[in-house]
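Everything below concerns the one structure shown next.
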Amino acid sequence: MLEKFLKPYDPAATEGRIYEVWEKSGLFNPDECVKQGVTKADAPSYSIVLPPPNVTGRLHMGHALMLAIEDVFIRYKRMRGFRTLWVPGTDHAAIATQSVVEKQIKKDENKNRHDLGREELLKRIEKFAAESHDTIINQLKTMGASLDWSREAFTLDETRSRAVRTVFRRMYDAGLIYRGHRIVNWDPRGQTTISDDEVVYEEEKTTFYYLQYGPFTIGTARPETKFGDKYVVVHPDDARYAAYKDGQQIELEWINGPITATVIKDTSIDVAFGTGAMTITPWHSAADFDIAERHELDKEQIIDEYGKLLPIAGEFAGMKIGEARGKIVEKLRAKGLLVKEEPYTHNVATAERTGGIIEPQIKLQWFIDVNREIPGRGKTLKDLVIGAVRSGAIKIIPEYFEKTYFHWVENLRDWCISRQIWYGHRVPVWYKDEEIVVGEAPAGDGWAQDEDTLDTWFSSGIWTFSTLGWPEDTSDFKTFHPNDLLETGYDILPFWVMRMILMTEFVLNTIPFKVVYLHGLVRDTQGRKMSKSLGNNLDPLDITAKFGADAARMALVVGNTPGTDMRMSEDKIKGYKHFANKLWNVARFILENAREKKNDSKTWPSGPERDHFSPREHELLNECDTLAKEVTTDIEEFRVYLAAEKLYHYAWHELADKILEESKPILVGVDADARASRARLLLALLDRTLRLLHPFMPFITEEIWQSLPTKDSQFLMVATWPATIHT
RNA sequence: GCGCUCUUAGCUCAGUUGGUUAGAGCGUUCGCUUCACACGCGAAAGGCCAUAGGUUCGAAUCCUAUAGAGCGCACCA
């Protein structure tokens, strides 16, 4: 008996060592597998690209879940003989990373980005990003992820940057990327534009004011924007205002004195809301902007980029809007322009990353046009994004998320891709006088590059192929694209999944992946989201140190159906630590008792395994093979949560509880043939169980495998999958 | 407003295309240091599968409605 089996299983003493051996073997790399003869050179390929974690700190349990599921598929396919590639990488996460570092600098040194300057700030961010990167890589390895480290990528490295510039250029040339003055979500706190999906709405209780606007009564929740309002809009069919004609001018007294207002009739007005009459502020409201565009009205900025009122506000100029509102209301009241006030509940737009209250602004920005026909394709980007899923080329799991996907795409508007932050891909556009160059930097002096950077999703949108060396026509790209699977959280279906489909369909005229597997959120025992502020997050490193990565992986996978949130507790993980120990003891028992005493030494039983089996032993082996087939089907059909549960049940409640127990009398019996036959059976069952469990619990299964007399491969990791063994 | 999901044991959840007596983990109760394992073994209690209809030889599973919970998108003068 090997000494290690005399003690309970100790993941802490095992997992790190095993990972190191795997890594040294080079077998995470499909090319190396072919070279070492464990995979056939002409075997079909299987590829997944790791959703790149943001370099904003460290991984959480959601990442651990993602790794557990992806590694199951990868290890399974590798054992089935596929040329299997799982590409690791990290995401610079532009705005998220910059805002973390800026907050830290503000706290430590009370300085903002302009105090430091672009170069110094970038240096600080890069240092922080590098540290986060190292932590993350360490965590990925701790979880047992069999990623091919020789292919590690970063969204901001040179290969990926060139891919970004190339894609930008192609979209620009196709007329899909344009620059224009449009109303955007401006985050005064982050000092940048953000996209529609980075906006979170928060309910706010406030006051709704009715103001006298000449002969009209208008309603507003934001009196501080009303200084420049010189258009009053009503519905053309509204009988109450039939006396006023479209374009009619009216003299009236307003906040800072008499103005001339113009009546506009527009069908977008809801006659039932307020008084059915409203004034518009096109510079600070998307809806108002649209009305102004339709009627070719003037637009005027009222609030600056820091959320302060401009000189148009007269005596209120320079005030922050929060401070100004009350004072403006007082003045309106004093002038007799305030008709009435009502309590009002509405949603306020805030920035996801900084929490700043969004102030819509008209800005010169870069956009991707999703509704423009692509030259030579007869379709828009929106068409492509819908078509890829509707045609069945991409399958989403669970299927009902396809409806969410379509619903989301139908509401898609032009994508604002420029950001006024410094960390990220600089917009690849250079200007000189009237000239403009797009793509690569032009030679010669006097060129100035666009100051803005690109939305971080621009570079993650091309991740499935930028990681494979595109735009070079690499063999990786030819072999591994499209990916076979994309596995990610359902919460980024619109942000990321949809954008990858959009970018890939445009650039490569194909899909980025065949299947999208969406996992749910990992919540705490009370169903709350895990977060730093609540202090309820489990750190994967702590968990693996305490219970082992195998236990954590099982706890995350078993019973966790795609698309559904799960609650995670230490108790559940502890349960699977116990299971690991059970497996360890099953191995100990079989390895100890399966040997025949001959003279003073013990030997393993030999001979073809099935030849001397009793009918009962045939039955037991068949049952195990049936399980192998079921588990194989479950994995193929993405029911890994069921496969894991079945294996757990089999190993503990069949193999250990029943088969081992019924074998005990045989193994101590007088019939030598029966003893040998039973020993051979137990070894066969253990062998199969380890193979089947390996994708789920890679460490302990590999560790036991190394002591198996039936071992037919140096590593279990590249041993043959049982359902393909036919004896 | 549009759309999605969920409701199964005390708790957290499985239940794959409708098919014997609806399962697991944790928890609870009782009994066991039985020579693989107390990170264990044996046993037990606990469910009109949210409610009401319908389809079917047969429904936790399919359809309709209702109630409750959660979520996404849009609007928000």
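Note that the structure is a prediction, hence the values are computed from the model and not measured.
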For [X] and [N], what is the distance between atoms [atom1] and [atom2] respectively, to the nearest whole Å?
X	N	atom1	atom2	result
A/Phe401	B/rC73	CZ	P	12 Å
A/Asp491	B/rG70	CG	P	19 Å
A/Tyr400	B/rU61	OH	C1'	16 Å
A/Phe273	B/rC75	CZ	P	14 Å
A/Tyr490	B/rC73	OH	P	11 Å
A/Asp565	B/rA14	CG	C1'	16 Å
A/Glu198	B/rC73	CD	P	13 Å
A/Glu410	B/rG1	CD	C1'	15 Å

Looking across every strand, which nucleic acid part, if any, lies under 4.0 Å from [X] by heavy atom: base, sugar-phosphate, or nothing?
X	result
A/Tyr231	nothing
A/Ser569	nothing
A/Gly559	sugar-phosphate

Item to check | Option from A/Val497, A/Leu493, A/Val516 for which side chain to side chain contact (heavy atoms under 4.5 Å, CB included) with A/Phe401 holds | outcome: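 Only one option passes, and that is A/Leu493.
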Please report the shortest heavy-atom distance between [X] and [Y], naming the atom on each side.
X	Y	answer
A/Gly276	A/Arg240	CA-NH2, 3.9 Å
A/Leu65	A/Gly520	CD2-O, 3.6 Å
A/Ala656	A/Val586	CB-CG2, 3.7 Å

Next on the checklist: When you measure from the side-chain N and O atoms of A/Arg567 to the phosphate of B/rC11, is any distance below 4.0 Å, counting only OP1 and OP2?
Outcome noted: no
Next on the checklist: Is A/Thr404 close enough to B/rC4 that one of its side-chain N or O atoms is under 4.0 Å from OP1 or OP2 there?
Outcome noted: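 No, A/Thr404 has no side-chain N/O under 4.0 Å of OP1/OP2 on B/rC4.
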Checklist entry - Is the cationic atom of A/Lys664 (NZ for Lys, CZ for Arg) positioned less than 6.0 Å from the six-membered ring centroid of A/Phe589 and within 45 degrees of its normal? => result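 Judged by the rule, A/Lys664 and A/Phe589 form a cation-pi pair.
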Checklist outcome for this item: Given protein heavy atoms under 4.0 Å, the one-letter contact record of nucleotides 16-38 of chain B, with B base, S sugar-phosphate only and - none, is simply B--------SS---------BB-
Next on the checklist: Closest approach to the side chain of A/Thr561, judged atom by atom: which nucleotide of B/rC73, B/rA14, B/rC75 is it?
Outcome noted: B/rA14
Next on the checklist: Can you tell whether the side chains of A/Lys546 and A/Glu570 come within less than 4.0 Å, N to carboxylate O?
Outcome noted: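 Looking at A/Glu570 together with A/Lys546, the answer is yes, because their closest N to O distance falls below 4.0 Å.
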Checklist entry - Aromatic rings A/Tyr517 and A/Phe638: how do their planes relate, parallel, tilted or perpendicular, breaks at 30° and 60°? => result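 Because their plane-to-plane angle lies in the 30° to 60° range, the rings of A/Tyr517 and A/Phe638 count as tilted.
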Next on the checklist: Is there, by distance only and without an angle test, a donor paired with an acceptor across the side chain of A/His407 and the base of B/rC73 below 3.5 Å?
Outcome noted: no
Item to check | Which residue lies more 5' along RNA chain B, comparing A/Asp270 with A/Pro8 via nearest heavy atoms | outcome: A/Pro8
